[in-house]
Structure formats: C-alpha cells, structure tokens
Amino acid sequence: MILHPSAGPAVSSLVSIVLLWVLVYWLYRDYRVDLFRHRMFMLRGELFDLAAENPELFHHPAYWAQRTTLNGFLRFAERIGFLSVILGSRVVALDDASVTAAPIARLDELSQDLPPDLRVQLADIRARMHYEVFKQVLFSSPILTATLIPGAAMLLARAATGRLLFRVAPRLYRAGMNAARGMIVRPLDTLAFGLGGGTTEQPFAGAHSAHALVG
Amino acid sequence: MDDHELAYRIHRTSAIVSVVNSLFRWAGLVGLGVCLVLVVRSLAGQHTDANIMVRMLGDFRFSETVAWMFGAGGVAYGMKQRQLRRSVNESLGTRTSSLERLIDPGRTSSLLTATGQTNPQDQL
C-alpha cells in the first residue's frame with residue numbers, strides 16, 4: 001500500500017486537537033463549573049453559619065438578598081462567562097431602574113440596621129462572591145484565558161520594572177474595580193438574583209427546596 | 001421595566017447563552033471532525049480509510065503508545081475522582097441541608113440536584 005508519508009502525523013495531530021477540544025470545552029469547563037459551585041456552597045455555608053449565630057439575620061432582607069444571589073449563581077453557574085456578561089449588560093443598562101431588582105447591589109443600604117460587625121461580615125462575603133464570579137468569567141472562557149492572562153502578565157511585568165506601578169497602582173486598582181463592578185458584576189448579580197427566584201414584588205419569594213433537590 | 005419583563009429578559013438571556021455556548025463547542029468539534037475526514041481522504045488516494053487506520057496503527061511507536069495511554073489514564077482517573085466527589089457531595093449535602101432546615105425552616109435552595117449538578121429542568 002502506498003501512503004503519503006505525512007498521513008500518520010497529520011491524522012495523529014488532528015486527533016490530538018479533537019481530544020484537546022473535548023478536554024477544554026467539556027472536561028475543563030465542567031471542572032470550572034464544579035469548582036465555582038463548590039466555592040459558592042462554601043460562601044453560602046458561611047452565610048448560614050453567620051445567621052445561625054445571629055438568628056435575627058434569617059429574616060433580614062440583607063441575608064435574603066445575599067442568599068438568593070448565591071442560589072442564582074449556583075443554579076446558572078454553567079452559563080456564567082464572557083457571553084453572559086455581554087448579553088447581561090444589554091438586559092441591565094446601567095441607568096436602568098431594573099438594577100433595583102438586584103438588592104445585593106444595595107447590600108450596604110439594606111444592612112444599615114445591623115450591628116457593624118455583621119455588616120462587615122456580610123460585605124466580606126459579597127466581595128468574595130464577586131471575586132469568584134470574576135474568576136469564573138475569566139477562566140471559563142478558553143479564549144479569554146489564552147489572550148488576557150498572558151497579556152496582563154506581560155503588562156504587569158513591564159509595569160513592575162518601573163516605579164510607576166507604585167504610584168499608579170491604587171488609582172488603577174480603584175478604576176479597575178469600578179469598571180468591573182459596573183460592567184461585569186452588576187449585570188451578573190441581576191441575572192443570578194432573578195434566576196435564584198427573587199423579585200422586587202415578592203421580597204421573600206425565594207425558591208424553596210424540594211425533597212429531591214437538596215443543594 | 002417591571003419585574004415580569006425583567007424576569008423574561010433574564011431567562012431569555014440565560015437561554016441564549018446556553019444555546020450559543022453549546023453551538024460553539026459542538027460546531028468546533030464537528031469542524032475538526034470534518035477536517036479529519038478531509039485529511040484522511042486527501043492523503044489516502046485510492047485506498048480506503050480503513051487501510052490508513054491499519055497502516056497508522058502499524059506505524060505506532062512504543063513511546064507514542066505510552067504517551068496516549070498516559071493521557072487516557074489521566075482522563076479516566078479524573079473521571080473516577082469526579083464520580084467519587086459527587087457521591088461524597090450527595091451524602092454530605094443531603095445531611096447538611098436537612099440539618100440546616102431544622103434551624104431555618106424557610107431555607108431556600110439553589111435547586112441543584114443532590115450531587116450538586118444542574119437541575120435537569122434548567123437544562124436546555
């Protein structure tokens with residue numbers, strides 16, 4: 001049998017690419033979703049422990065807003081990504097009154113009547129939740145991961161060589177955080193809150209668990 | 001925008017994201033499959049695809065075989081670990097939720113399955 005000499009390597013390379021595709025878009029993606037859910041469960045457990053120590057929190061809007069949003073992120077974890085940020089931004093325009101449907105954005109306002117230490121702990125849980133969401137958006141997209149991370153690493157390496165970083169960093173950090181809150185966190189919060197079962201009309205109409213669904 | 005309109009938009013957006021993500025990854029896989037078929041056909045000449053595969057298998061080197069086995073073994077190991085973790089999730093999660101419900105009868109749920117997977121009703 002006469003066979004082109006490059007047949008073996010060509011077919012073998014293509015099979016490898018197919019397997020890599022499956023690895024990245026199925027196995028790795030499932031792993032990222034499971035990891036994200038695990039971290040959200042940890043935060044929700046922490047929130048529950050906080051409320052167990054302070055039982056008045058169970059009936060407080062701040063607790064309800066935080067828990068409903070966490071439930072929403074748990075529920076639609078597999079849909080969090082760059083695309084949901086883009087489409088979510090279309091649903092939740094920044095000047096739109098609908099952002100009030102995500103009370104988590106008003107956590108500080110909702111928790112005003114709570115003791116200061118509880119307020120701080122709630123804000124801490126919210127901040128860590130947003131950090132995990134941000135990481136999920138970044139790492140669940142192979143394209144973003146492949147382009148942004150090397151780019152950011154290069155920029156950081158360049159900036160670190162000069163003293164400029166130390167002067168600019170605080171302002172840069174604040175600007176970055178503000179942009180991330182507006183562009184990424186806010187639309188996703190609203191999506192999560194809505195999918196978690198929250199509405200502004202029925203503030204305590206969260207999705208109650210069924211016997212077969214215990215998560 | 002009222003709550004019903006917002007809820008509609010949220011669920012529509014979520015559905016679009018799900019469909020586009022699925023389309024993208026399946027389209028990539030199908031595209032690569034088509035490439036594979038085209039390569040095999042163009043390189044095979046008059047010979048059948050089966051002959052090429054037989055020849056390729058005959059050409060396999062020991063080191064390559066070990067590498068493939070190592071990769072496949074790693075994937076299998078990961079799958080078994082995932083299965084074990086989900087099983088642990090199921091046993092611990094069920095217990096945790098029932099204990100939490102004793103403290104907070106109005107406990108809300110993420111509506112995931114007992115193993116922590118997406119509720120089949122939420123899948124498109």
Side-chain angles (χ1 to χ4, degrees), chain A residues 1-4 6-8 10-12 14-15 17-19 21-23 25-27 30 34 37 41 45 48 51-52 58 67-68 70-71 74-79 81 83-84 87-88 90-91 96-98 101 190-191 194-197 199-201 204 206-210 212-215, chain B residues 1-3 5-7 9-14 16-18 20-21 24-25 28-29 32-33 35-36 39-40 42-45 47 51-53 55-56 59 64 71 75 78-79 82 85-86 89 93-94 96-98 100-101 103-104 106-116 118-119 122:
Chain A
M1 183 176 75
I2 301 166
L3 192 70
H4 196 285
S6 60
V11 174
S12 170
L14 262 173
V15 169
I17 294 172
V18 169
L19 292 176
W21 187 271
V22 172
L23 182 73
Y25 281 98
W26 271 270
L27 300 178
D30 283 356
D34 284 351
R37 278 191 172 138
F41 272 127
F48 184 88
F58 279 125
R67 186 172 174 101
T68 305
L70 281 165
N71 278 340
L74 281 164
R75 192 175 173 185
F76 92 122
E78 63 186 5
R79 297 182 197 171
L83 188 63
S84 52
L87 293 178
R90 285 177 56 100
V91 173
D96 195 324
S98 65
T190 306
L191 289 178
L195 291 167
T199 65
T200 48
E201 288 171 356
F204 287 94
H208 288 273
S209 59
L213 303 163
V214 294
Chain B
M1 192 190 324
D2 64 11
D3 273 344
E5 171 68 14
L6 182 65
R9 284 195 188 188
I10 284 172
H11 282 89
R12 189 184 59 185
T13 302
S14 179
I16 291 171
V17 168
S18 187
V20 171
N21 280 338
F24 184 73
R25 59 182 178 174
L29 197 61
L32 284 168
C35 288
L36 191 63
V39 164
V40 168
S42 66
L43 293 176
H47 299 283
N51 281 342
I52 283 189
M53 291 312 292
R55 176 66 185 267
M56 273 184 63
D59 283 350
E64 284 180 7
V75 171
M79 303 282 269
R82 183 169 71 170
R85 181 176 47 73
R86 287 179 180 174
N89 278 352
T94 310
T96 304
S97 65
S98 57
E100 283 185 359
R101 206 169 290 116
I103 299 171
D104 177 22
R107 177 189 185 276
T108 54
S109 169
S110 58
L111 300 180
L112 298 179
T113 63
T115 54
T118 304
N119 186 336
D122 286 340

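Values below: all heavy atoms of this structure, side chains included; hydrogens, waters and symmetry mates excluded.
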Quiz item: Can A:R79 and B:T118 be counted as having a side-chain donor-acceptor contact under 3.5 angstrom?
Solution: no
Practice problem: Decide yes or no for B:T96 and A:F41: does some side-chain heavy atom of the first lie under 4.5 Å from some side-chain heavy atom of the second? | Solution: no
Quiz item: Out of B:L111, B:L112, B:T108, which one pairs with A:N71 under the side chain to side chain contact (heavy atoms under 4.5 Å, CB included) rule?
Solution: B:T108
Quiz item: Of all of B:N21, B:I103, B:D104, which one pairs up most often with chain A through heavy atoms under 4.5 Å apart?
Solution: B:D104
Quiz item: What are the two closest heavy atoms between A:T190 and B:I10, and how far apart are they?
Solution: O-CD1, 3.4 Å
Self-check item: Contact class of A:L19 relative to chain B, heavy atoms under 4.5 angstrom
Solution: side chain
Self-check item: Lys/Arg-Asp/Glu bridge criterion (N-O < 4.0 Å) met for B:R82, A:D34
Solution: no
Self-check item: Atom of A:L195, atom of B:S14 and distance for their closest heavy-atom approach
Solution: CD1-OG, 4.0 Å
Self-check item: Considering all heavy atoms, the nearest A:W21-B:R25 contact
Solution: NE1-O, 2.9 Å
Quiz item: Closest approach of A:L74 and B:S110, non-hydrogen atoms and distance?
Solution: CB-CB, 3.6 Å
